Amino acid sequence: MIRTLTRRGASPLTLVGLVVVLLTLIPLGYIAYALVTMGPADLAALLWRPRVGELLRNTLSLMVGTVAVTTVVGVACAFLVNRTDLRLRGWWHALLSAPLAVPAFVNSYGWVSLTSSVQSYAGAVLVVSLSYYPLVYLPVTAAMTTLEAAPEEVARSLGRSRTRAFFSAALPRLLPAVLGGALLVGLHVLAEFGALQLLNYQTFTTAIYGQYQSSFAGDAGTALSGVLVVLCVLLLTVELIGRGGRRVDRVGRGTGRTAEPLVLGSRAVPVLGLLVGLVVLALGVPLYSLGHWLVVGSSTEFPVDELTRALGSTVGLALGGATLTMLMAMPLAWLVVRRRGPVSTVLERLAYTANSLPGIVVALALVTVSIRYAPSAYQTVPVLLLAYAILFLPRALVSVRGSLEQAPALLDDVARSLGLTAWRTFLRVTVRLVAPGVGAGLALVFLAVSTELTATLLLSPIGTTTLATEFWSNSSSVEYGAAAPYALLLVLAAVPATVMLSRQARPEEVRP
Amino acid sequence: MSAVKISAVSKSYGATDVLRAVDLDVPEGSITSVLGPSGCGKTTLLRIIAGFVRADAGTVTIDGKVVDDGSVAVKPERRGVGYVPQEGALFPHLDVRANILFGLPRSARTSARLAELMDLAELPSALARRQPFQLSGGQQQRVAIARALAPRPTVVLLDEPFSGLDAGLRVSAGRAVTRVLRHAGATALLVTHDQGEALSLADQVAVMRAGRFVQVDEPARLYGSPVDIETAEFVGGASVVPGVVRAGVADTVLGTIGVNAADGPARLLLRPEQLTIVEPGAGSAVGEVEEVSFYGAQVVVRISLADRSAVVARCSSTSTPRPGDRVGLAVDGVAVAFPAST
């Protein structure tokens with residue numbers, strides 16, 4: 001038995017995990033409670049309006065358009081980088097993942113400040129897709145680097161062309177990665193606030209923000225939040241059904257041989273043209289726009305004091321948010337890895353579900369709950385930090401969980417058999433092995449918090465300015481030059497996390 | 001007639017020559033094995049025949065048609081080859097039925113053809129709706145063979161098909177697969193690094209070393225008359241003793257041994273089964289047992305001789321010597337002679 005030295009059954013740790021999960025469930029629980037107490041008649045009156053129908057149309061059509069575009073672009077880019085003899089693939093991989101470092105609302109600002117013609121459905125699909133296609137590209141690339149070529153080669157020797165062999169023997173095995181990426185894009189589109197507000201494109205998320213501004217924590221906002229939550233759940237369900245119960249991983253250990261690269265030949269020039277075009281649109285336009293406004297803006301004023309203040313409070317909030325999130329993630333990760341069982345699994349699933357909620361829903365629920373039940377906590381730092389923790393818990397959980405799995409209980413047993421006490425074992429073995437994962441998780445959450453806009457706008461204490469809120473107040477009042485320095489810092493804050501994600505999915509170098 | 005004919009095929013990756021002008025004929029209806037250590041180029045050759053990799057020079061002919069002449073290559077899907085990679089590589093998202101019928105045109109994907117193929121591959125019909133991961137390693141292997149045979153290919157290419165299976169399963173899976181291939185009357189090319197597999201399953205074995213075929217022969221001839229000592233040692237246990245040949249008899253540390261070689265110094269190859277352990281006594285060479293490896297039915301004994309060289313003998317497990325014992329050695333049959341090392 002591996003687990004001879006770990007205790008089993010309910011324990012204080014399980015209770016801690018339960019508390020953590022209950023905290024993350026506050027927004028969802030509140031919305032469910034509010035919708036039920038509102039009663040069907042009131043709810044129908046709030047929702048059965050042409051306005052809601054229009055929002056639904058807007059939101060769904062944007063989601064479908066964006067998911068379609070990002071899936072095609074993401075899979076196509078992954079194919080070109082991983083499966084052809086494209087030169088400098090390492091550079092292309094970096095360039096193609098780089099748009100993740102430009103927060104969607106900064107990208108949107110880049111476009112809107114150059115041309116108002118993107119303030120349309122097509123414009124919204126374009127801008128949002130350019131921001132989110134790496135969410136498909138990265139997992140598909142990661143899947144392709146380990147995708148064994150043998151089934152595709154068998155399909156070819158059985159008479160399928162290269163294209164048909166790819167579709168019939170490779171794509172089904174890439175499906176989980178493609179669907180997972182598409183799901184992320186869908187959830188991001190549902191949650192996107194800043195980018196769409198700047199593009200003047202109304203969805204549920206922007207409408208909830210509007211409700212919040214006009215009627216504060218009213219029932220109308222809660223009802224719209226409820227619809228948004230239902231949409232998120234539907235999306236998760238569709239993805240689950242699409243994935244199906246089938247196992248698509250390889251059978252057996254396989255050879256690990258990856259496919260022979262497709263020789264582009266005369267197609268290299270148009271392919272390069274397309275890739276350059278994509279990078280120009282996704283990266284060139286926002287960065288050019290940023291540079292342009294930096295030059296124009298700094299000629300008038302460069303508010304060093306305000307910048308420093310915003311930077312200071314951003315770093316402070318990010319540190320606090322990352323620490324709280326990690327403190328909540330660690331007991332959960334420990335439960336999931338070391339105390340496997342139905343209780344742990346349910347707790348973990350619940351924690352992930354809570355994260356699928358858009359920031360606006362979490363923020364609005366916390367506003368309402370704090371006003372109704374703890375008015376003194378309203379717009380205080382702890383509630384804001386809790387919102388961050390609810391939103392970013394899975395990022396921390398994934399990191400800690402991954403490294404905890406590298407520290408199997410078997411090693412604890414070995415250490416104990418060598419005469420170490422349980423506590424010494426924890427310090428000398430477990431902590432050392434888990435530390436990198438904890439560090440990576442902290443960094444990821446830190447960076448996510450520093451570029452978070454929606455919850456910060458609703459929950460930050462009065463007078464507290466962050467990079468995101470300062471950027472927002474300037475850019476939404478069309479002071480593009482004044483917004484530029486904040487945008488620059490936001491991009492810089494997002495670079496390390498992007499590099500980390502890009503490295504994890506790095507394509508294999510082709511042999512010479 | 002040859003199902004596959006390879007002439008002067010070369011391939012290099014950068015500065016590394018993987019294949020150096022190799023020739024090979026795979027006769028129709030036969031099983032040919034390409035045997036060699038890993039990295040010798042055998043898998044590259046198979047991939048060139050299948051069309052996944054292009055030859056730099058030389059020609060590949062399948063069923064009388066040139067499919068690769070170093071400049072123009074027929075696409076893999078037009079070659080009529082069946083391909084069975086390591087562990088079969090079944091499509092994980094398709095069930096057994098869909099896997100087997102994958103290569104047939106839609107109209108030909110009938111239950112009758114499926115039943116025929118499953119019967120041929122000795123697969124119980126109850127497996128038709130199973131998913132690949134529900135099958136044992138040997139069953140996966142046979143599904144892969146049935147899938148490759150379904151479109152009636154000119155040749156079936158098997159790339160180390162058994163190396164993923166554990167030792168016990170390898171032998172039975174190998175026998176089952178060759179039985180299926182022979183029932184189907186198929187031509188097959190089997191790439192392997194396992195000499196036992198090559199010798200026991202194939203009609204013709206082509207030994208490859210560093211991008212060249214060093215010998216292409218029937219298994220028995222390959223084992224009995226290898227072209228050089230390296231090949232001899234690669235295809236089976238071997239002891240090499242120096243000797244001087246005079247009039248068809250070699251004088252060695254083991255006494256006199258019959259050979260078919262010209263007079264002069266030579267190196268003689270003795271297979272373990274040619275050496276018999278006897279009571280030490282007059283007329284027989286004497287040595288000291290160094291190492292005894294017990295395999296159940298038989299025992300392999302390493303014996304050091306008077307000149308401190310060592311030979312390997314095989315004996316039955318009923319009379320096993322112990323390390324340190326002094327034993328006598330008798331030689332059966334004729335040894336193969338190679339020129340003395342220079």
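Numbered from 1 within each chain, the chains take letters A, B, ... in sequence-line order. This structure is a prediction, so every number in the text was calculated from the model and none was measured.
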Find the distance between OG (Ser157(A)) and NZ (Lys75(B)) and round it off to the nearest 0.5 Å.
15.0 Å
Would a distance-only check, ignoring hydrogens and angles, find a side-chain to backbone donor-acceptor pair under 3.5 Å from His93(B) to Ser168(A)?
yes
Part of Arg164(A) within contact of chain B (heavy atom distance under 4.5 Å):
neither
For the CD atom of Glu153(A) and the CD atom of Glu77(B), what is their distance to the nearest 0.5 Å?
12.5 Å
Under the rule for ring-ring contact (aromatic ring centres under 6.0 Å, His included), what residues qualify as partners of His188(A), not counting sequence neighbours?
Tyr132(A)
Identify the heavy atoms of Arg156(A) and Pro76(B) that sit nearest to each other, and give their distance.
NH2-CD, 3.4 Å
Is Arg182(B) atom CZ crowded by more than 12 heavy atoms from other residues, nucleotides or ligands, each under 6.0 Å away?
yes
Honestly, the part of Arg147(B) sitting under 4.5 Å from a heavy atom of chain A is both
In short, Pro85(B) meets Ala150(A) closest at the heavy-atom pair CG-CB, 3.7 Å
Drop me the distance from Leu101(B)'s CG to Leu158(A)'s CG, to the nearest 0.5 angstrom.
11.0 Å
Which atom pairs, donor and acceptor, lie under 3.5 Å between side-chain atoms of residues 32-45 of chain B and protein residues at least two apart or in another chain?
residue: Thr32(B); atom: OG1; partner: Gln204(B); partner atom: NE2; Å: 3.0
residue: Ser33(B); atom: OG; partner: Leu190(B); partner atom: O; Å: 3.4
residue: Lys42(B); atom: NZ; partner: Gly36(B); partner atom: O; Å: 3.2
residue: Lys42(B); atom: NZ; partner: Pro37(B); partner atom: O; Å: 3.3
residue: Thr43(B); atom: OG1; partner: Asp159(B); partner atom: OD1; Å: 3.3

Sub-4.5 Å side-chain heavy-atom contact between Phe91(B) and Val154(A):
yes
Can you establish whether the number of heavy atoms outside Arg152(B) located under 6.0 Å from its atom CZ is more than 12?
no
Okay, Ala165(A) and chain B: the region with an atom under 4.5 Å from a heavy atom over there is neither
The reported gap from CZ in Phe52(B) to CD in Glu260(A) (rounded to nearest 0.5 angstrom) is 9.0 Å
